[in-house]
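Inspection log for the structure reproduced underneath, given as structure tokens.
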There are 2 protein chains.
Amino acid sequence: MATSTVENYVKQIYLLQPQAGPSHLVAMGELAAALAVVPGTATSMIKTLAEAGLVDYEPRAGVRLTSRGEKLALHVLRRHRLVELFLVQTLKMDWAEIHDEAEQLEHVISDRVLERIDALLGHPTVDPHGDVIPSAAGSMPRRRLVALHDLEPGTSGVVGRIADQADAFLQFIDQQELRPGRGLEVVARDTLGRMVRARLDHGREVSLGFGAAAKIEIEV
Amino acid sequence: MATSTVENYVKQIYLLQPQAGPSHLVAMGELAAALAVVPGTATSMIKTLAEAGLVDYEPRAGVRLTSRGEKLALHVLRRHRLVELFLVQTLKMDWAEIHDEAEQLEHVISDRVLERIDALLGHPTVDPHGDVIPSAAGSMPRRRLVALHDLEPGTSGVVGRIADQADAFLQFIDQQELRPGRGLEVVARDTLGRMVRARLDHGREVSLGFGAAAKIEIEV
DNA sequence: TTCAAGATTTTGACTACTCAAAATACAAAC
DNA sequence: GTTTGTATTTTGAGTAGTCAAAATCTTGAA
């Protein structure tokens, strides 16, 4: 059985993966910082995880989860998010104090207890922060995502996925403040000029060509 | 903060103390067996606990909790028993499977979460096995309980505690409808045949060997 | 009083982490 | 093409807990 430490490592890699470049490799420094250990510790621990088949490790480049590693990460995330919801919903705890509690509990909740909590809460799909709760089978439920350039004006939604891993494009997305999680509403769409205009949830507006908008997937 | 291991040691010493002689010293061998470690491990660990002021250690004689140790033990026991009740009552888990779960959870439940659970359950005083739940302040009322096989025919009382957490035994108790709270009257007792017969408060009668009856403690 | 049996302690070694600090690789700038 | 700065890896050491097996006590019987 995986120790808490192992679970924390794979979980953290999973969470950092989206921010990683097109290689999907999480840098050692970033990982170490996120886990609050010195870089050398992360290096040696990652070697152990690689032995165990949970990650692919490319020295001096970074780490990436194997499918087994990802499965474990999703399992931990499921526990974490169900526990958070449980703390808020059943135990009426304060929104702000649940994260650290869940951080501890996520490592000792058995499958049996977890499924009881899941049932008690009515098989929820999102946690209090709006993060999707992975399914018991160990996969994230599929979300219905629509490319931004396919949305009619007036439609609103939340950025769910960026379907292009190129460095430059991701930097552009960052600059435009279009990272996943950002809410927006389409205000104009010109099929002949092949461009779309959206107002972000904090008021700012952005214009994009269809070529770029096609790669931005929205949860309507 | 005490590690899980430290908490387990003090809890176990607390639980073994009543069976200890008038010296109140728990023998190393017993402690080691209860914790499923080799005796040498217990010895070295106990020295650490003595350093920390949680136990008084008399080499080659045994250990005894200091008042600080007892306070910690009661705190762990409170967590364990509230969690057990919570698992049965709120999560509707099976009587027999809760002990091991609670064994894990008792070490990661914060005071904040614990008090929420306590409130949710309505500040209960006993757990599903009939064991008294120590108060938040760390006090535990002693009850006068008598083993069922020591009761004279004609005596009546209420099942107060099941002194055996083994799965199979708990399932047996369930089948025999002898859970804590059940009223009964001893109708026959055969010291030579080593068995006892009792009529339950809903009319049914059960017969038990002394071996089993010894684990059923009655509040007269 | 001596001795064997049983319990206890000591010793040495191992696992799973961790840090501090020195060594090394790499990319970017000159 | 060398240098410099930063990220990464290596090395050596420490902590908490554990086991196996040898050494040592204690006790009760002969």
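So you know, we letter chains A, B, ... as the sequences are listed, proteins then strands, and number each from 1.
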*Under 6.0 Å from the CD atom of B/Q19, do we count more than 12 heavy atoms belonging to anything else shown?*
yes
When you compare the side chains of [X] and [Y], does any donor N or O come within less than 3.5 Å of an acceptor on the partner?
X	Y	value
B/D131	B/H80	no
A/H99	A/E84	yes
B/D164	B/H129	no
B/H75	B/D111	yes

*asked:* Reading DNA chain C from 5' onward, which residue's closest nucleotide shows up sooner: A/V6 or B/G40?
replied: B/G40
*Which sits closer to the 5' end of DNA chain C, A/A36 or B/A27, going by the nucleotide each is nearest to?*
B/A27
_By the definition salt bridge (charged side-chain N to carboxylate O under 4.0 Å, His left out), identify the one residue from A/K11, A/R79, A/R81, A/R78 that meets it with A/E106._
A/K11
_Quick check for you: among C/dC17, D/dG17, C/dT18, whose closest atom lies nearest to any side-chain atom of A/V37?_
C/dT18
From [atom1] of [X] over to [atom2] of [N], roughly how many Å is that when rounded to an integer?
X	N	atom1	atom2	result
B/M28	D/dT18	CE	C1'	15 Å
B/L31	C/dT9	CG	C1'	14 Å
A/E7	C/dC17	CD	P	11 Å

*Using modelled atom types only, decide if a donor and an acceptor are shared between the side chain of B/T66 and the backbone of B/L54 within a distance under 3.5 Å.*
yes
*Say whether, by atom type as modelled, one donor and one acceptor occur between the side chain of B/T90 and the main chain of B/L87 under 3.5 angstrom.*
no
Indicate whether OP1 or OP2 belonging to [N] is found under 4.0 Å from a side-chain N or O atom of [X].
X	N	result
B/T41	D/dG17	no
B/Y9	D/dT18	yes
B/T3	D/dA16	no

*Quick one: label B/G29 by what it contacts on the DNA or RNA (base, sugar-phosphate, nothing), any heavy atom closer than 4.0 Å.*
sugar-phosphate
_If a pair means Watson-Crick or G-U wobble with both distances below 3.5 Å, what does DNA chain C look like in dot-bracket form, with | marking bases paired to a different strand?_
||||||||||||||||||||||||||||||
_Contact list for DNA chain D against residues 42-62 of chain B - heavy-atom distance below 4.0 Å_ = B/S44, B/M45, B/R60
*Spacing of B/L49 atom CG and B/I13 atom CD1 [to the nearest 0.5 Å]*: 6.0 Å
